[in-house]
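Only one structure is covered here, and it is reproduced in the block below.
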Amino acid sequence: MVELFIKNLNAGYGAVTVLNDVTIDVPNGQTVALLGTNGNGKSTLMRCISGLIKPTAGSIELHEDDGTVIDLTAATPQEIVEAGVAQVPEGRRLFPDLTVEENLTLGAYRKAARATLATNLDYAFTLFPRLAERKTQLAGSMSGGEQQMLAVGRALMSDPRLLLVDEPSVGLAPILVSQMITKIGELGESRGLTILMAEQNFNQAIRIADKGYIIVHGEIAFASKDAADLRENDMVKTYYLGA
Amino acid sequence: MAIFIDLLLNALVIGVLLGGFYAALSIGLSITFGLLDVVNIAHPTMLVLGAFIAFLLNSTWGIDPVLAGIISTPFFFVLGWLIYQVYYNVFEKSGAESLRGLAFFFGLLFIIEVGLIIQFGVDHRLVEAPYIGQSWNIVIGEEIDVAIPFRLLVAFVVAAIATLAIHAYLTKTFFGRAVRAVAQDMMALRLMGVDPIRVKRIAFAMGVATAGIGGALMIIVLPIEPSLGRLYLGNVFAIVVLGGLGSISGTLLAAVIIGIAESIVATFFGPSWAPAVSFGILLAVLAFRPEGLFGKTAGAH
Amino acid sequence: MEIVYEQNYNPKTADFTPILRAANAKKPDAIYIASYPNGSAGLVRALAEVGTDAKAVGGGMVGLQFAGLMAGLGPMLNGIANYDFFVPEPTMNLYPGASALIDRYQSKVKAENLKVDALGYYLVPWAYANLDILGQAVEAVGSLDQVAIGKYIRDNEFTSVVGKIKFGKNGEWERPRTLVVQYQGITNNDLQQFATPGTRKILLPADISTGDIQSFNSLRK
Ligand SMILES: Nc1ncnc2c1ncn2[C@@H]1O[C@H](COP(=O)(O)OP(=O)(O)O)[C@@H](O)[C@H]1O
Ligand SMILES: [Mg+2]
């Protein structure tokens, strides 16, 4: 369905450059891990893809099966969502004073997703039965694990083709981390989603990734060939242990 | 005893009607301040502007004041749109909205007020309509009858319809839900494919638009003059805070509570106590529920 | 005289029916109201909506003399007795020049579309007389010495558009000239009816009265 190509991307905040010549490829239907410890630019890259900050150089493109290329480099966040890209942002960023159901419904704001609201809502509730139980509860009053489920569920409500997940493990107890990562892995398979997941928990992330990148000081320091390479390459272990 | 029941019954009925009227004055602020966090202290003066427009249409062409309010509502929508455009570009965009934004609306308040004085003078104005000064008298028993002034009944019905419509719009539509979310997390809203600035602009314009119909109700209920808005500033903010920031139905309920409290106090203890009781209720509620009656505080704002 | 009900109201009061009901419950013979314009208008409307069995209603209601409020309230004013300063009744001709002044004022307001009271009976002659007396005193004293001007004003009788004016010891007029009028026979909201005699009959002072007080309800339709 879609493949994400990022080529020679530079981006930052004001005069500060954070990303430097970043090139990444997220193939159709694969789950790609973007690994790196705190402050290395993972979230900055995620924000670029979603159009929240504009790159100063390079390109971001979605390639469809039929060869159509959608250039997202200069697109607005709205256009990017309409193109089928959803993000589960770092820190979840729920609407704390709205209910679980209202948060999910807002996820379906995208025009293409409004018609299938009911089906998608059912899907989110099947994926996370916990959310169904707490439908009318305010999002801000839920536990960290439940909030993360809601953040993922909300992103899925827009019927995305490409899902960006930024550090789903942050602030969760270890058992919940592994459950959440497993869920994301299953999601990629069952829905055929293309997923780019930023993580600093290398161990967990490489369990589900088809391939991975390590980002250090805004540059791609390592790109794995495949899943096996990601799990076994000594480079990864060096960076991981260094973390 | 019959007299007591008669007074109590009338106080309750008038209180509910008065509450509807107060809701009409507060609902716009409940959107702009309660939902969008924009401290539009010029709102009551915009209502007075709406009242003068109703006066103008009524005195020049004999247009019914409620109809005049409906006619001027789109004008206020455009006005609100333009005001937000200025407010956003000059203050909000650069994060300078708190104090300088307040000064902006303070200035707006005086510009509107002075404009009204120049155009209409300082005299009190009234409108004419067949229902003003008439009442519907319901005889319930010996010495007990309820008089419902049509002037308040009209205000109540129009206010209730407007409030329920706004409530439904904000809870049942995609755009309405985005309005309720926009002050909570603009970045997250962008990730949902929503342009939060557009949402704020339209929602602010909606809040200001209520000054058209609300102003018309104002001049139906009481005589108006250019500085009247400042007199009601405290009341409308108190109602919005009492109802709970961000809750439209809370605003309606708070307005009715204040209306009933004022009318009961005016009947049995003397009208000069009425404002003290309103603010007393506000303080008492805030002491136990800082988020107001219907406010939601799950979030760590 | 027994006072059965006495209350203050707040300027923010939006509706006066509860107050009138509470007063009516004490079955008063007369209701004396001292109010500012918004209260005056609110009470007049409440009187129309709730009614009263009191025989006399009114007193010191500021605002009912304003052209805009009179036209806006129209027939709701019938029966109310209130203070005033100048009304277009024939006996007011004892004020030389007042009618001419009012004519001039009204045509100026109309011609220049001024945002002031359209009729001008209430305050215009008095404001004019204020300055007129001051002018006469300054001319007589021949300087701007305030003490001398003050003494001259206290010691002498003046003639202006509100008739002969002489101040008493306490600074008030030696002979009070505030009018008590009763609104009568108002049939609609037309402003011009208030520019002709009959809508505000003078009850007091007795020497210029143009009518007798009638009970409140006898003048309501
Ligand atoms: N809003 C911002 N303004 C300025 N600098 C920022 C901002 N967000 C992040 N940075 C900086 O950009 C760099 C990368 O941050 P980030 O992308 O959040 O890294 P990561 O997600 O890998 O932890 C850091 O040096 C951080 O201080
Ligand atoms: Mg990050």
Side-chain angles (χ1 to χ4, degrees), chain B residues 3-4 6-7 10-11 13-15 17-18 21-22 25 55 59 117-128 132-137 147-152 155 218-219 221-225 228 231-232 234-235 259 262-276 278, chain C residues 5-27 35-51 62-77 109 113-119 122 188-191 220:
Chain B
I3 287 184
F4 174 78
D6 179 72
L7 286 178
N10 277 284
V13 169
I14 293 289
L17 298 182
L18 201 56
F21 170 59
Y22 285 159
L25 303 190
F55 165 75
S59 60
I117 291 173
I118 291 170
Q119 191 54 41
F120 294 97
V122 294
D123 277 354
H124 287 73
R125 304 289 178 175
L126 299 168
V127 280
E128 289 158 33
I132 295 175
Q134 306 288 321
S135 61
W136 178 22
N137 220 47
I148 299 179
F150 285 146
R151 156 181 72 93
L152 286 178
M218 197 174 204
I219 196 171
V221 171
L222 47 92
I224 52 133
E225 46 89 19
L228 191 68
L231 209 57
Y232 279 87
N235 286 49
E262 283 192 357
S263 124
I264 296 236
V265 168
T267 304
F268 295 105
F269 305 98
S272 57
W273 287 102
S278 309
Chain C
Y5 178 91
E6 182 182 4
Q7 288 295 345
N8 301 317
Y9 71 91
N10 183 282
K12 273 189 289 202
T13 308
D15 180 55
F16 289 80
T17 53
I19 303 173
L20 187 62
R21 278 206 169 257
N24 279 345
K26 304 287 184 177
K27 311 221 178 302
S35 53
Y36 276 121
N38 64 332
S40 303
L43 281 156
V44 168
R45 278 180 172 177
L47 282 162
E49 289 158 351
V50 173
V62 180
L64 301 188
Q65 307 83 355
F66 303 167
L69 281 189
M70 278 193 289
L73 294 168
M76 283 182 243
L77 290 166
V109 169
N113 191 23
L114 299 176
K115 313 295 177 194
V116 292
D117 193 281
L119 299 179
Y122 178 45
N188 55 33
N189 295 81
D190 174 32
L191 179 69
R220 314 286 284 186

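So you know, we letter chains A, B, ... as the sequences are listed, proteins then strands, and number each from 1.
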Let me know if C:Leu73 has heavy atoms under 4.5 Å from chain B in its side chain, its backbone, both or neither.
both

Looking only at non-hydrogen atoms, find the nearest pair between B:Tyr232 and C:Lys12 and report the distance.
OH-O, 2.8 Å

Got a sec, which residues hit ring pair (Phe, Tyr, Trp, His ring centres under 6.0 Å) with C:Phe66, two or more places apart in sequence or on another chain?
C:Tyr122

Does any backbone or side-chain atom of B:Ile219 lie under 4.5 Å from a heavy atom of chain C? Answer side chain, backbone, both or neither.
backbone

Chain C contact via B:Phe4 - side chain, backbone, both or neither, heavy atoms under 4.5 Å
neither

Please classify the contact between C:Asn24 and chain B as side chain, backbone, both or neither, with a heavy-atom cut-off of under 4.5 Å.
neither

Of all of B:Gly121, B:Ser263, B:Gly259, B:Ser272, which one pairs up most often with chain C through heavy atoms under 4.5 Å apart?
B:Ser272

Quick check on B:Phe21 against chain C: is it the side chain, the backbone, both or neither that has a heavy atom closer than 4.5 Å?
side chain

Bottom line for B:Ile14: the part with an atom under 4.5 Å from chain C's heavy atoms is side chain

What residue, out of C:Ala23, C:Ser40, C:Pro37, has the most heavy-atom pairs lying under 4.5 Å from chain B?
C:Pro37

When only pairs under 4.5 Å are counted, which of B:Gly270, B:Ser135, B:Gly133, B:Ala274 shares the most heavy-atom pairs with chain C?
B:Gly133

Taking side chain as C-beta onward, heavy atoms only, is B:Val122 less than 4.5 Å from C:Lys115?
no

For a 4.5 angstrom cut-off between non-hydrogen side-chain atoms, does B:Asn10 reach C:Thr17?
no

Check whether C:Ala71 gets within reach of chain B through its side chain, its backbone, both or neither, counting any heavy atom under 4.5 Å.
backbone

Write down the atom of B:Leu231, the atom of C:Pro11, and the distance for their closest heavy-atom approach.
CD2-O, 3.7 Å

To the nearest 0.5 Å, what is the distance between CG (C:Asn189) and OG (B:Ser59)?
11.5 Å

Could you tell me if the side chain of B:Arg151 sits less than 4.5 Å from the side chain of C:Asp15, heavy atoms only?
yes

Heavy-atom pair of closest approach, residues C:Ala25 and B:Leu7:
CB-CD1, 4.0 Å

How close do C:Tyr5 and B:Ala266 get, heavy atom to heavy atom, and via which atoms?
OH-O, 4.3 Å

Can you confirm whether C:Tyr36 is buried at OH, in the sense that more than 12 heavy atoms of other residues, nucleotides or ligands lie under 6.0 Å from that atom?
no

Top of C:Pro18, C:Ala41, C:Gly72 for chain B proximity - count of heavy-atom pairs under 4.5 angstrom
C:Pro18

Looking at every heavy atom in both B:Asp6 and C:Arg21, which two are closest together, and how far apart are they?
OD2-NH1, 3.2 Å

From the list B:Ala11, B:Pro149, B:Ala147, the residue making the most non-hydrogen contacts under 4.5 Å with chain C is B:Pro149

Specify the closest pair of heavy atoms between B:His124 and C:Leu69, including all atoms of both residues, with the distance to one decimal.
CB-CD2, 3.8 Å

To the nearest 0.5 Å, what is the distance between CZ on C:Arg45 and CG on B:Leu152?
9.5 Å

Bottom line for B:Glu262: the part with an atom under 4.5 Å from chain C's heavy atoms is neither

Contacting region of C:Phe16 [heavy-atom separation from chain B under 4.5 Å]:
neither

Which answer fits B:Ile118, side chain, backbone, both or neither, if we ask what part of it has an atom under 4.5 Å from a heavy atom of chain C?
backbone

